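For clarity, every value in this text was computed on a predicted model and none was experimentally measured. Here, residue 1 is the first one in the sequence, and each next residue gets the next number.
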Amino acid sequence: MATARVAVATMKVAQISKPGAGFQMVEREIPWPGAGEVRIKVQACGVCHSDVLTVEGSWPGIQYPRIPGHEVAGVIDEVGTGVTAWKKGQRAGVGWHGGQDNTCRECRRGDFRNCQNVKIAGISYDGGYQQYMVAPVEALVAIPDSLKDVEAAPLLCAGITTYNALRHSGALPGDLVAVQGIGGLGHLGVQFANKFGYQVAAIGRGPENAALAKKLGANLYIDSKATKAAEELQKLGGARVILATAPSSKAMSELIDGLGPNGTLMVIGASSDPIEVSPVQLIFGSKTIQGWAAGTPADSEDTLHFAEISGVRPMIETYPLEKAAEAYARMMSGKAEFRVVLTM
């Protein structure tokens, strides 16, 4: 008696088989969501510099093969058991915060962003470099209808990081806020700072970004190659906040003297070398240095809503999923303008 064969639905994924091995395009079975999970039909996924953690295996405990991607925008096409707040056909995304344990000390205090066992899409579980992905409901972000998928995806990491850092920085409308770096983070930081009503000083290396900085909403542009940016900020009374987006600790260190009284260097650009500062630089003027990670899905929804009503949008370059390796290389080159996004 012949045995009937049931066709298994498959999808394309761009996976990393082991640290440093590069991207491999393969077909996998389309996953099914478990209890408390949904399946997202991915429409777009941003390519973030933090994806290097998966590609190179520099985050402890990653299990391979692994699919990177934590800037995911798509549509829910299946829900697991126990899921009631999310429906099939609903637009949803997943950002850097991919879930929490809900039991650690920070979670019990509602500080999910600093969960001791935080989950990250593309690191803790397979991310968005695939046509379908499964995510826990606590990671989901509702996407407004007015935002395109390719616009929403970068806002779920670069967008929320700059938006959330600025709105928690202590700066008030009219304050001088400097944005260091006009790149993937900085070009969004300038836009958000402008829409928040700050006096915005954009800081870059060389004159080539001056026109773009002004177009994005900067009131003035400071070329740190041609002048000492800290001195220029002091001529304006000192910055209430300097949003440090470019991953250069040396450049950050050089800006500390540009802070005004009670000023804060808000660090969101990740670098492994130390920021150099003397106690005297901080004591006189009561200045602070603060790091800031992205935020929760609720913060992401705030970011998307604010972008929706204010007109803040990322500048993007798009690549099809099949060219994930090329897209990643473009992002790593530092020449992209300014966020790279995969489309499915």
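If you take OG on Ser124 and CD on Gln63, they are separated by 10.0 Å, rounding to the nearest 0.5 Å. How far CG of Leu188 is from CG of Leu216: 8.5 Å, rounded to the nearest 0.5 Å. For the atom pair Ser50 OG and Glu71 CD, the distance stands at 8.5 Å (nearest 0.5 Å). A distance of 8.5 Å separates CD in Gln281 from OG in Ser253, rounded to the nearest 0.5 Å. Interatomic distance, CD1 of Ile268 versus CE of Met252, reported as 8.5 Å (0.5 Å rounding). To the nearest 0.5 Å, atom CG of residue Asn262 and atom OG of residue Ser286 are 5.5 Å apart.
Ion pair Asp257/Lys228 not flagged as a salt bridge, since none of the NZ, NE, NH1 or NH2 atoms sits closer than 4.0 Å to an Asp/Glu carboxylate oxygen. Between Glu231 and Lys235 no salt bridge is recorded (no basic side-chain N to carboxylate O distance below 4.0 Å). Lys12 and Glu27 are not joined by a salt bridge, as no carboxylate oxygen comes within less than 4.0 angstrom of a charged side-chain nitrogen.
Although no hydrogens or angles enter the test, the distance criterion places no donor-acceptor pair under 3.5 Å between the side chain of Gln191 and the main chain of Gly217. No donor-acceptor distance shorter than 3.5 angstrom exists from the side chain of Glu151 to the backbone of Pro314, with no hydrogens or angles considered. Side chain of Thr264 to main chain of Ile289: no donor-acceptor pair is present (N/O by atom type, distance under 3.5 Å, no hydrogens or angles). Not a single donor-acceptor pair under 3.5 Å links the side chain of Asp223 to the backbone N or O of Arg205. Of the possible donor and acceptor atoms, one in the side chain of Ser224 sits under 3.5 Å from a partner among the backbone N and O of Gly204. No donor-acceptor distance shorter than 3.5 angstrom exists from the side chain of His168 to the backbone of Ala165, with no hydrogens or angles considered. Within the 3.5 Å criterion, the main-chain N or O of Met344 finds no donor-acceptor partner in the side chain of Glu322. Remark: the backbone N or O of Gly260 is not paired with any side-chain donor or acceptor of Arg240 at under 3.5 angstrom. No donor-acceptor pair under 3.5 Å is formed between the side chain of Asn194 and the backbone N or O of Ala218. Between the His187 side chain and the Phe338 main chain, no donor and acceptor come within less than 3.5 Å of each other.
Put simply, Ile222 and Leu259 are part of the same group of oily side chains (I, L, V, M, F, W, Y) that touch within less than 4.5 Å, one to the next. In terms of hydrophobic clustering, with Ile, Leu, Val, Met, Phe, Trp and Tyr side chains grouped at heavy-atom distances under 4.5 Å, Ile62 and Ile120 are assigned to a common cluster. Using a 4.5 Å cut-off between side-chain heavy atoms of Ile, Leu, Val, Met, Phe, Trp and Tyr, with links allowed through other members, Val72 and Val137 fall into the same hydrophobic cluster. The cluster map of Ile, Leu, Val, Met, Phe, Trp and Tyr, joined by side-chain heavy atoms under 4.5 Å apart, puts Leu233 and Met266 in different clusters. Linking Ile, Leu, Val, Met, Phe, Trp and Tyr residues whenever their side-chain heavy atoms come within less than 4.5 Å places Leu212 and Leu185 in a single cluster.
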| message | Would His49 and Met332 count as a side-chain contact (heavy atoms from CB on, under 4.5 Å) here? Give the steps. | response | CA-CA 7 Å; His49 191 274; Met332 290 295 290; 3.8 Å; yes
Discussion item. Determine whether Val179 and Thr162 satisfy the following criterion, side-chain contact (heavy atoms from CB on, under 4.5 Å), listing intermediate values before the conclusion.
Written reply: CA-CA 10 Å; Val179 178; Thr162 50; over 6 Å; no
Are Val341 and Val47 close enough, and set up right, to give a side-chain contact (heavy atoms from CB on, under 4.5 Å), and what steps lead you there?
CA-CA 6 Å; Val341 182; Val47 179; over 6 Å; no
Walk me through whether Met331 and Tyr319 qualify under side-chain contact (heavy atoms from CB on, under 4.5 Å). CA-CA 11 Å; Met331 177 277 298; Tyr319 290 77; over 6 Å; no
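Counting only N and O atoms by type, the side chains of Asp299 and Thr296 include a donor and acceptor under 3.5 Å apart. A side-chain N or O of Glu308 and one of Ser146 form a donor-acceptor pair less than 3.5 Å apart.
For Ala14 against Met25, the heavy-atom pair with the smallest separation is CB-SD, 3.6 Å. Shown here for Ala152 and Ala73, the closest heavy-atom pair between the two residues is CB-CB, 4.5 Å. Considering all non-hydrogen atoms of both residues, Leu166 and Tyr198 come closest at O-OH, 3.4 Å. Nearest heavy atoms, Lys335 versus Arg330: O-NH2, 3.2 Å. Here the closest non-hydrogen pair linking Ala324 and Leu342 is CA-CD2, 3.9 Å. The nearest pair of heavy atoms linking Cys45 to Gly128 is CB-O, 3.4 Å.
Within the structure, salt bridge (Lys or Arg N to Asp or Glu O under 4.0 Å) contacts touching residues 126-150 (residues at least two apart or in different chains) are Arg28-Asp126, Arg66-Asp126, Arg91-Asp149.
Between Leu147 and Arg313 the shortest side-chain heavy-atom distance falls below 4.5 Å. Contact annotation: the side chain of Asp51 approaches that of His70 to within less than 4.5 Å [non-hydrogen atoms, C-beta and beyond]. Here the side chains of Trp59 and Thr54 are not in contact, with every heavy-atom distance at 4.5 Å or above. Using a 4.5 Å cut-off on side-chain heavy atoms (C-beta onward), Leu304 and Leu156 make contact. With a 4.5 Å cut-off on side-chain heavy atoms, Glu301 and His305 do not count as touching. Between Pro68 and Phe23 the shortest side-chain heavy-atom distance falls below 4.5 Å. In this structure, the side chains of Leu243 and Ser169 stay at 4.5 Å or more apart for every pair of heavy atoms. By the 4.5 Å heavy-atom criterion applied to side chains, Asn164 and Thr303 are not counted as neighbours.
Annotation: Tyr129 is not in aromatic contact with Tyr328 [ring centroid separation under 6.0 Å not met].
Counting heavy atoms of neighbouring residues, nucleotides and ligands inside a 6.0 Å radius, atom CD of Glu276 does not exceed 12 of them. Within a 6.0 Å radius of CD in Glu208, more than 12 heavy atoms belonging to other residues, nucleotides or ligands are found.
When the options Thr161, Ile123, Ile160, Val118 are evaluated for a side chain to side chain contact (heavy atoms under 4.5 Å, CB included) with Trp96, the one that passes is Ile123. Of the listed residues (Val42, Val13, Ile30, Ile40), just one forms a side chain to side chain contact (heavy atoms under 4.5 Å, CB included) with Tyr132, and that residue is Ile30.
Using bins of under 30°, 30° to 60° and over 60° for the plane-to-plane angle, the ring pair Phe192/Phe196 lands in the tilted bin.
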